[in-house]
Amino acid sequence: MHNPPPKKAKPRHIRRRRLARIGLLLVGMAVIGAIGAVAGVIGAYYYVQPSLQSADTIRDIRLEVPLRIFSRDGYLISEIGERKRIPVTYEDVPPHVVQAFIAAEDQNYYEHPGVDFLGIARAMTTNVKNLGQGRRLVGASTITQQVAKNMLLTNEVSYERKAKEAILALRIDRALTKDQVLELYLNEIYLGHRAYGMAAAALYYFDKPLDQLTIAEAAYLGALPKAPNNYNPFRNPERAVNRRNYVIGRMLEDDYITPEQADEALATPLLARKGGDAQVIQAEWFVEQ
């Protein structure tokens, strides 16, 4: 029985040409994909932009605040309105409170133009992995995009709404300063239990004004925009602490706090207590009038 003659290896120059053709094909596909993506973005822009409001519209928006009724000696008797909100200026917000929200929601806030394109690329890569593992998808909305959605758009889940949100965020970033956008965000964001904005949330969860919040308490408030109900400290204390600790870690990573401050905050129990509610006073007729 004769063994078949060994197959001759193809000449090296033929293999090189084949590899070169494959490389050119991959490069061509990447270029076509990039051109398609750019064309899609341009097409989406011209499709949705005629229906968008001007970014300057946001300057004229007045935040909804409840009607508050006080007794002569200063007790809050009643609040009339769906949303609890206490508007504050950016200058009145302690730095560590602002930093907690930025660390949790938008680490590149001061670097991007309203949309974090690098963050979107990272989120896409992460989501490819998450899809294969059956894990939850992650988003890449910036603080500016959240302002655009919450104040100028609806909560509709669609690609068209996301395109509008991105375009408006780019416009808002040009029309307002970063501090002005942050002031809108920190006064408008929903943080659970009808509390809109950080000042109302500080009173509800800790019965404190903003300037008395510790780093640990500020980190907890910064954890809430993602999912206020999931991190309710009264129903899900363990989940709330875990999310708070994640935000503390992000604050340390971004050099907002020192390792010693982080260790102290991590060791602090989450002592939430319901506060900021109206006094229980039998004055229904008076309040109604």
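The chain is numbered in sequence order, starting from 1. Worth knowing before you read on, the calculation uses all heavy atoms, side chains too, and leaves out hydrogens, waters and symmetry mates.
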If you apply the rule side chain to side chain contact (heavy atoms under 4.5 Å, CB included), what do you find for Val88 with Met198, and how did you get there? CA-CA 9 Å; Val88 294; Met198 57 197 167; 3.7 Å; yes
Of all the heavy-atom pairs spanning Phe101 and Pro225, show the shortest one and how long it is. CE2-CG, 3.8 Å
Shortest non-hydrogen contact from Ala202 toward Leu213: CB-CD1, 3.9 Å
Determine yes or no for a side-chain-to-main-chain donor-acceptor pair under 3.5 angstrom, with Tyr196 supplying the side chain and Ala201 the backbone. no
Report the C-alpha separation of Val93 and Asp211 in whole Å, then their side-chain angles, then the decisive distance to 0.1 Å, and conclude whether the side chain to side chain contact (heavy atoms under 4.5 Å, CB included) test is met. CA-CA 7 Å; Val93 185; Asp211 60 1; over 6 Å; no
Who passes side-chain hydrogen bond (donor to acceptor under 3.5 Å, both in side chains) against Asp92, sequence neighbours left out? Thr89
Quick one: does NZ or CZ of Lys178 land under 6.0 Å from the six-membered ring centre of Tyr109, within 45 degrees of the ring axis? yes
Heavy-atom side-chain contact between Arg235 and Asn229 under 4.5 Å: yes
Should Ile167 and Leu170 count as side-chain neighbours, where that means a heavy-atom distance under 4.5 Å? no
Under 4.5 Å between side-chain heavy atoms, hopping through other hydrophobics if needed: is there a path connecting Phe234 to Leu270? yes
About how many Å separate OG1 of Thr142 and CD1 of Ile102, when rounded to the nearest 0.5 Å? 11.5 Å
A side-chain contact here means heavy atoms from C-beta on lying under 4.5 Å apart; do Gln146 and Ile189 qualify? yes
Quick check: do Ile257 and Ile248 have side-chain heavy atoms less than 4.5 Å from each other? yes
Got a donor-acceptor contact below 3.5 angstrom from the Gln180 side chain to the Thr177 backbone? yes
Using modelled atom types only, decide if a donor and an acceptor are shared between the side chain of Arg85 and the backbone of Gly197 within a distance under 3.5 Å. no
For atom CD of Glu264, is the number of surrounding heavy atoms from other residues, nucleotides or ligands below 6.0 Å larger than 12? no
So CG of Asn155 and NZ of Lys149: to nearest 0.5 Å the spacing works out to 5.0 Å
Does Asn108 use its side chain to pair, donor to acceptor, with the backbone of Asp116 at less than 3.5 Å? no
Min side-chain heavy-atom separation Gln261-Tyr256 under 4.5 Å: no
Tyr110 with Leu118, same ILVMFWY side-chain cluster at under 4.5 Å: no
Spacing of Met251 atom CE and Gln99 atom CD [to the nearest 0.5 Å]: 5.5 Å
For residues Val115 and Ile120, determine if any side-chain heavy atom of one lies less than 4.5 Å from a side-chain heavy atom of the other. yes
Residue pair Val98, Leu182: steps toward the side chain to side chain contact (heavy atoms under 4.5 Å, CB included) verdict: CA-CA 8 Å; Val98 177; Leu182 275 173; 3.9 Å; yes
Is Thr144 close to His112 at the side-chain level, that is, under 4.5 Å between some pair of heavy atoms? yes
Interatomic distance, Leu153 atom CG to Lys162 atom NZ [nearest 0.5 angstrom]: 10.0 Å
Quick check for you: to the nearest 0.5 Å, what is the distance between Glu217 atom CD and Gln212 atom CD? 9.5 Å
Any donor-acceptor pair under 3.5 Å from Asp106 side chain to Ile143 backbone: yes
Looking only at non-hydrogen atoms, find the nearest pair between Lys208 and Thr214 and report the distance. NZ-CG2, 4.3 Å
For Glu188, the side-chain hydrogen bond (donor to acceptor under 3.5 Å, both in side chains) test, sequence neighbours excluded, returns Asn150
Minimum heavy-atom distance Tyr190-Ala195, with the two atoms named: CD1-O, 3.6 Å
From Arg243 CZ over to Lys226 NZ, what is the distance, rounded to the nearest 0.5 angstrom? 5.5 Å
Taking all atoms of both residues into account, what is the closest heavy-atom pair of Leu191 and Leu221, and its distance? CD2-O, 4.1 Å
What heavy-atom pair brings Ala216 and Thr268 nearest, and what distance separates the two atoms? CB-CB, 4.1 Å
Taking atom types as modelled and ignoring hydrogens, do the side chains of His193 and Asn232 form a donor-acceptor contact shorter than 3.5 angstrom? yes
In terms of relative ring orientation, are Tyr220 and Phe206 parallel, tilted or perpendicular, with 30° and 60° separating the classes? perpendicular
Which residues pass the side-chain hydrogen bond (donor to acceptor under 3.5 Å, both in side chains) test with Arg239, sequence neighbours left out? none
